[in-house]
Chemist: 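This structure is in structure tokens; I'll ask about it shortly.
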There are 2 protein chains.
Amino acid sequence: MDLYLSHFTNRLDAKGRVSIPAAFRTVLARDGFEGLYVHPSLDMAALDCGGNALLGEIQGLLSVLEPYSVEREMFSTALLGTSEILKVDSEGRVVLSEGLKVYAGIGSEVTLVGQGQKFQIWEPERFRAHLDEAKLRVRDLRKDLGARRAVIPPRAQGARE
Amino acid sequence: MDLYLSHFTNRLDAKGRVSIPAAFRTVLARDGFEGLYVHPSLDMAALDCGGNALLGEIQGLLSVLEPYSVEREMFSTALLGTSEILKVDSEGRVVLSEGLKVYAGIGSEVTLVGQGQKFQIWEPERFRAHLDEAKLRVRDLRKDLGARRAVIPPRAQGARE
DNA sequence: TTTCAACCCATTGACGCCCATAAAATCCCA
DNA sequence: TGGGATTTTATGGGCGTCAATGGGTTGAAA
């Protein structure tokens, strides 16, 4: 499996170390990236983490922009300047920098959430809230889709199963 | 890794020396440049630093411009004429010239910010402000892109999650 | 002399690397 | 198929090394 899936809640030890879940480590290993690439998520109080897949996504975004353009400077400051490459120790743990912890409001525990190409690190309480919100949205959306489906092709739902 | 990433805040000692972060030093070493190439950033109160990679970028920029054109003169004056090559001591420190410090408003501390091919040196307070600004700009730009995407296939956002 | 830069050494706190343990998951075989 | 044995995982802690910082000394230029 080369996707980050599921979520896990782990504790930080006295030295501030967190274990990356074994399932995520195998994905990282397959990705072939040495260490863990981390940057603050642009619009959430979470940290985006990954390997070459994530870094490539970001570099692709930057490569489109004109060198020396203000836009590019902005992007590279916001994306590269705030990101870090954390070392992963022999037990599969990383130490989050103070800045990253502050950004995500992290205390003594974190929730690591698979997102496919990347995974996120959250403060557990905040993640619960975020998840509830997401569920609500999905429910509304489902309702919408259901209504639409019922109107447009009346028997579509049955045909699927 | 051959990119300057992450950011660090270091102090100047009584002799005006600043440590280049170890992570940046390894990139510089790999780049094969002796010393540190520095020039005032064109449109920000910051210093652009790097090695051969940065020099190459600048020369690439200049090569596009008509030889002997006024524009080219301006650029080469601004980029090459104001640049310095600082010596790096055995502990990985450099001394910023008075002019450079004045340009960037540097006092007793600096923030060194990875930008991929180069890194920047900022007065910490100014950098914080600049980063906030950069984040806003990037978020807006992202929103624009998202909006565009959302307009064309109206339900795309839902399909994502 | 005075100044400043190049070089060398010292300190301290953080980090990398290694080994230990308990609990959970997995395996394996009767 | 059930339950003991083995492996893996998350977590804890010790210790040596390195990075960031401070300071002293020499030598050449002013």
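Numbered from 1 within each chain, the chains take letters A, B, ... in sequence-line order. Note that the structure is predicted; figures quoted are calculated from it, not measured. Just the heavy atoms: all of them, side chains too, but no hydrogens, waters or symmetry mates, feed the values below.
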Chemist: So which of residues 109-124 of chain A are in contact with DNA chain C, with a heavy-atom cut-off of under 4.0 Å?
Modeler: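 Here the set is empty: none.
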Chemist: For B:Asp2 and B:Asp31, run side chain to side chain contact (heavy atoms under 4.5 Å, CB included): C-alpha distance rounded to whole Å, both residues' side-chain angles, the deciding distance at 0.1 Å, then the answer.
Modeler: CA-CA 8 Å; B:Asp2 48 357; B:Asp31 176 276; over 6 Å; no
Chemist: What integer distance in Å separates B:Ile20:CD1 from D:dA20:P?
Modeler: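 Computing the B:Ile20:CD1 to D:dA20:P distance gives 10 Å.
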Chemist: Scan A:Leu86 against the nucleic acid and name what it touches under 4.0 Å (heavy atoms): base, sugar-phosphate only, or nothing.
Modeler: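 Result for A:Leu86 = nothing.
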Chemist: Measuring centre to centre across the rings, with the benzene-like ring taken for any Trp, is B:His7 within less than 6.0 Å of B:Phe127?
Modeler: yes
Chemist: Using the rule that Ile, Leu, Val, Met, Phe, Trp and Tyr join whenever any side-chain heavy atoms are under 4.5 Å apart, tell me whether B:Val18 and B:Tyr103 fall into a single cluster.
Modeler: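 Yes, it is one cluster - the side chains of B:Val18 and B:Tyr103 are joined through contacts under 4.5 Å.
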Chemist: Give a yes/no on whether any side-chain N or O of A:Lys87 is located under 4.0 angstrom from OP1 or OP2 of C:dC15.
Modeler: no
Chemist: Could B:Lys118 and A:Glu73 be called an ion pair, given the rule that one side-chain N must be under 4.0 Å from one carboxylate O?
Modeler: yes
Chemist: Between the side chains of A:Ser97 and A:Glu84, does any donor sit under 3.5 Å from an acceptor?
Modeler: yes
Chemist: Kindly work out whether a path of hydrophobic side-chain contacts (I/L/V/M/F/W/Y, heavy atoms less than 4.5 Å apart) joins A:Phe33 to A:Leu61.
Modeler: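 Yes, because A:Phe33 and A:Leu61 connect within a single hydrophobic cluster, where side-chain heavy atoms sit under 4.5 Å apart.
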Chemist: Scan nucleotides 11-13 of chain D against the protein and return all N/O pairs shorter than 3.5 Å with their distances rounded to 0.1 Å.
Modeler:
{"from": "D:dT11", "atom 1": "OP1", "to": "A:Arg11", "atom 2": "N", "distance (Å)": "3.3"}
{"from": "D:dG12", "atom 1": "OP1", "to": "A:Arg11", "atom 2": "NH2", "distance (Å)": "2.9"}
{"from": "D:dG12", "atom 1": "N7", "to": "A:Arg93", "atom 2": "NH1", "distance (Å)": "2.9"}
{"from": "D:dG12", "atom 1": "O6", "to": "A:Arg93", "atom 2": "NH2", "distance (Å)": "3.0"}
{"from": "D:dG13", "atom 1": "N7", "to": "A:Arg17", "atom 2": "NH2", "distance (Å)": "2.8"}
{"from": "D:dG13", "atom 1": "O6", "to": "A:Arg17", "atom 2": "NH1", "distance (Å)": "2.7"}
{"from": "D:dG13", "atom 1": "O6", "to": "A:Arg17", "atom 2": "NH2", "distance (Å)": "3.4"}

Chemist: Could you go over nucleotides 28-30 of chain D and give all protein N or O partners under 3.5 Å, atom names and distances?
Modeler:
none

Chemist: Please say yes or no: joined through hydrophobic side-chain contacts below 4.5 Å, possibly via intermediate residues, are B:Leu100 and B:Trp122 part of one cluster?
Modeler: no
Chemist: Go through the steps to decide whether A:His130 and A:Arg126 satisfy the test side chain to side chain contact (heavy atoms under 4.5 Å, CB included), and finish with yes or no.
Modeler: CA-CA 6 Å; A:His130 176 71; A:Arg126 293 191 190 201; over 6 Å; no
Chemist: Would one find more than 12 heavy atoms of other residues, nucleotides or ligands at under 6.0 Å from atom CZ of B:Arg139?
Modeler: yes
Chemist: Using side-chain hydrogen bond (donor to acceptor under 3.5 Å, both in side chains) as the criterion, point out the one residue from A:Gln120, A:Gln117, A:Gln115 that pairs with A:Asp48.
Modeler: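 Among A:Gln120, A:Gln117, A:Gln115, the one that satisfies the side-chain hydrogen bond (donor to acceptor under 3.5 Å, both in side chains) with A:Asp48 is A:Gln120.
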